[in-house]
Amino acid sequence: MKNQEIAKIFNDIARFLRIDGVAFKPYAYERAAISLETLKDDVAQIYIAGGRKALEEIEGIGKAMSDHIEEYLKTGKVQFHEEFKKGLPVDMDALTRVEGMGPKKVKVLYQKLGVKNLKDLERAAKKHQIAPLFGFGETTEKNILQGLEFLKTSKGRVLISDIKPAAMAVLKKLQALKEVEKISIAGSLRRGKETIGDVDFLVVSNNPKKVMDFFVKLPGVEKIWGQGGTKASVHMKGGYDMDLRVVPEKSYGSALQYFTGSQAHNITTRKIAIDKGLKLSEWGIFRGSKQISGKTEEDVYKALGLPYIAPELREDQGEIDAALQGKLPKLVELKDIKGDLHVHSNWSEPDGEKDSIEVLAKKAMELGYEYIGISDHTNDLNVEKGLNEKELLQENAYIKKLNKKYKKKNFRILHGCEANIRKDGSIDVKDAVLEKLDYVIVGIHSLNKMEKKEMMARIEKAMRNPHVDIFAHPTGRIVGARDEYQIDFDNMLQIAKETRTILEINSSSRLDLRDLYIRRAKAEGVKMIINTDAHKKEQLGFMEYGVAQARRGWAEKSDIINTLSVEELLKQFK
DNA sequence: GCCGTTTTCGGCCCGACTGTTTTCAGTCG
């Protein structure tokens with residue numbers, strides 16, 4: 001989609017305008033960029049269908065913005081943007097990634113020292129050319145070097161499942177301190193975002209110094225960026241930062257609300273406060289200089305005339321309007337999940353690291369599940385020694401036998417498979433065999449670079465197979481590693497609806513469907529299932545990340561079929 | 001540049017920190 005490309009240009013323009021000291025316009029360009037980024041339709045299609053008039057109906061898009069969009073769609077460029085670039089030919093993205101470097105400093109360093117990229121910046125800082133410059137100084141130069149150092153050790157944004165276990169371990173240790181009265185994780189981790197920049201802890205304490213001393217000496221701390229009266233900041237060996245802030249108890253709620261974000265959500269809540277003659281900050285809600293709220297998050301939202309809004313919804317994506325109208329979804333929860341149907345066993349790799357069906361079942365029972373579904377790969381998947389049809393039937397017989405044992409434990413093992421969708425849309429297992437299984441998952445595992453039309457025909461054919469129940473990782477994206485296939489998601493939803501195919505929310509590093517797609521699937525009434533795609537018993541624990549993604553997609557219990565009892569679940573399958 | 005059940009003109013979120021120009025600009029979250 002062109003949406004993201006144009007959004008990037010608008011963000012760029014905003015930055016250039018800021019450099020020139022233009023007031024307010026940058027804000028308008030940023031708003032337009034956010035609006036495009038989160039738009040569900042392709043802006044090119046909108047333009048084709050409704051012309052400029054349709055463009056101007058988009059939130060934050062007026063006459064000038066629609067000029068730019070039209071120009072980009074016709075020529076692939078925006079002249080207004082090109083002019084700016086000519087005036088400041090630097091790697092702005094990289095340079096502003098250095099902590100403390102903003103657009104204006106970038107401009108000064110380019111004009112005075114010819115700094116165009118990170119290498120130039122490092123050279124200039126090491127030669128002490130920066131400190132003498134007007135508006136800079138010794139500390140700024142030192143901070144730039146430190147910022148460059150951090151960039152080298154930083155992994156950037158980290159996948160949530162790579163960081164949350166470590167964050168929870170730290171949380172537990174802090175919780176155990178008697179000096180800690182209240183504590184919570186904040187930031188994007190609390191909102192359940194798929195990638196996390198850094199981990200934020202918020203604390204109420206009767207002895208902040210002691211808590212912070214403990215924090216900076218935690219195992220895994222590689223470097224202490226800073227430690228003050230109310231804030232400590234450290235860099236971890238894992239390549240990410242953790243921040244700890246101590247706040248007064250009377251501001252705990254407003255601070256938690258503030259540090260949880262998102263920034264866009266905060267801006268909107270603060271505007272609501274202004275409309276009510278109030279002022280919202282991390283310190284509380286104020287009427288004049290008098291604090292009227294702030295001890296808990298519930299209080300803060302209440303003072304704004306809103307019900308509590310779950311962190312996963314706080315992205316300024318319509319949650320405030322929904323809250324005002326009393327139409328917030330009742331989000332699905334981890335405890336609603338009754339089983340996991342995308343699990344691989346050692347049947348498909350006897351000598352590998354996978355666990356036996358019995359071990360997986362035991363783990364599922366420990367998680368409080370009522371069922372587990374074994375879905376090994378099939379014929380085509382040589383990498384994972386996919387089961388052939390004979391083996392699949394043997395596995396089926398074995399599971400039937402096992403189930404007799406589990407019956408008195410009120411637990412059931414379901415038998416499925418993760419079959420492969422071939423190039424032509426056919427399935428790599430015969431219908432006669434598929435028919436014997438409790439359910440059938442299909443997925444694309446090769447030839448994922450097909451043209452959109454071909455790819456959609458392939459997917460449609462697979463979903464129309466009368467035995468196919470679940471479409472695994474439907475868009476093919478892998479967070480931070482691979483973009484989605486060339487697909488038409490609206491079309492996919494229509495086919496899923498028509499064929500009653502259930503779309504998977506895969507909890508592994510795929511996180512596919514992603515949040516915005518989940519929301520669209522829900523809107524179309526397409527059912528989904530949250531699976532882990534576990535290849536080891538520990539990975540059954542990934543479920544929480546799929547649930548977080550589902551919640552970010554506004555999904556309710558009724559949208560997710562593995563919240564059903566086993567009898568009801570089986571009725572969902574063809 | 002965009003927007004509007006208090007506005008078609010006058011607003012655009014808020015506070016902390018840093019360095020330095022000692023009153024405020026730049027940056028961050």
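Note that this is a predicted model, so its numbers are computed, not measured. In what follows, chains carry the letters A, B, and so on, assigned in the order in which the sequence lines appear, proteins first and then strands, with residues in each chain numbered from 1. Heavy atoms only: backbone and side chains are in, while hydrogens, waters and symmetry mates are out.
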Describe the nucleic acid contact of A:K271 in one word from base, sugar-phosphate, nothing, applying a heavy-atom distance below 4.0 Å.
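Sugar-phosphate, no base atom in range.
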Contact class for A:Y29 vs. all strands (heavy atom < 4.0 Å): base, sugar-phosphate, or nothing?
sugar-phosphate
Run through A:E319, A:R190, A:R551 and flag the one making a side-chain contact (heavy atoms from CB on, under 4.5 Å) with A:E312.
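The side-chain contact (heavy atoms from CB on, under 4.5 Å) with A:E312 is passed solely by A:R551 among A:E319, A:R190, A:R551.
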For A:Y308, is the NZ or CZ atom of A:R314 found under 6.0 angstrom from the centre of its six-membered ring and inside 45 degrees of the ring axis?
yes
Expressed in whole Å, how much space separates the P atoms belonging to B:dC13 and B:dT18?
25 Å
Using the P atoms only, state how far B:dT22 lies from B:dC17, rounded to an integer number of Å.
22 Å
Answer with yes or no whether the side chains of A:E179 and A:N206 bring together a donor and an acceptor at under 3.5 Å.
no
Under a 3.5 Å cutoff, is there a donor and acceptor pairing between the side chains of A:Y301 and A:Q257?
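Yes.
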Here the distance between atom P of B:dT21 and atom NZ of A:K104, to the nearest Å, is 17 Å
By the Watson-Crick or G-U definition, both distances under 3.5 Å, B:dT8 is matched with none
Could you please name the option among [options] that lies closest to any side-chain atom of [X]?
X: A:F134; options: B:dT21, B:dG29, B:dC13; value: B:dT21
X: A:E282; options: B:dC12, B:dG15, B:dT21; value: B:dG15
X: A:K25; options: B:dG26, B:dG1, B:dC13; value: B:dG1

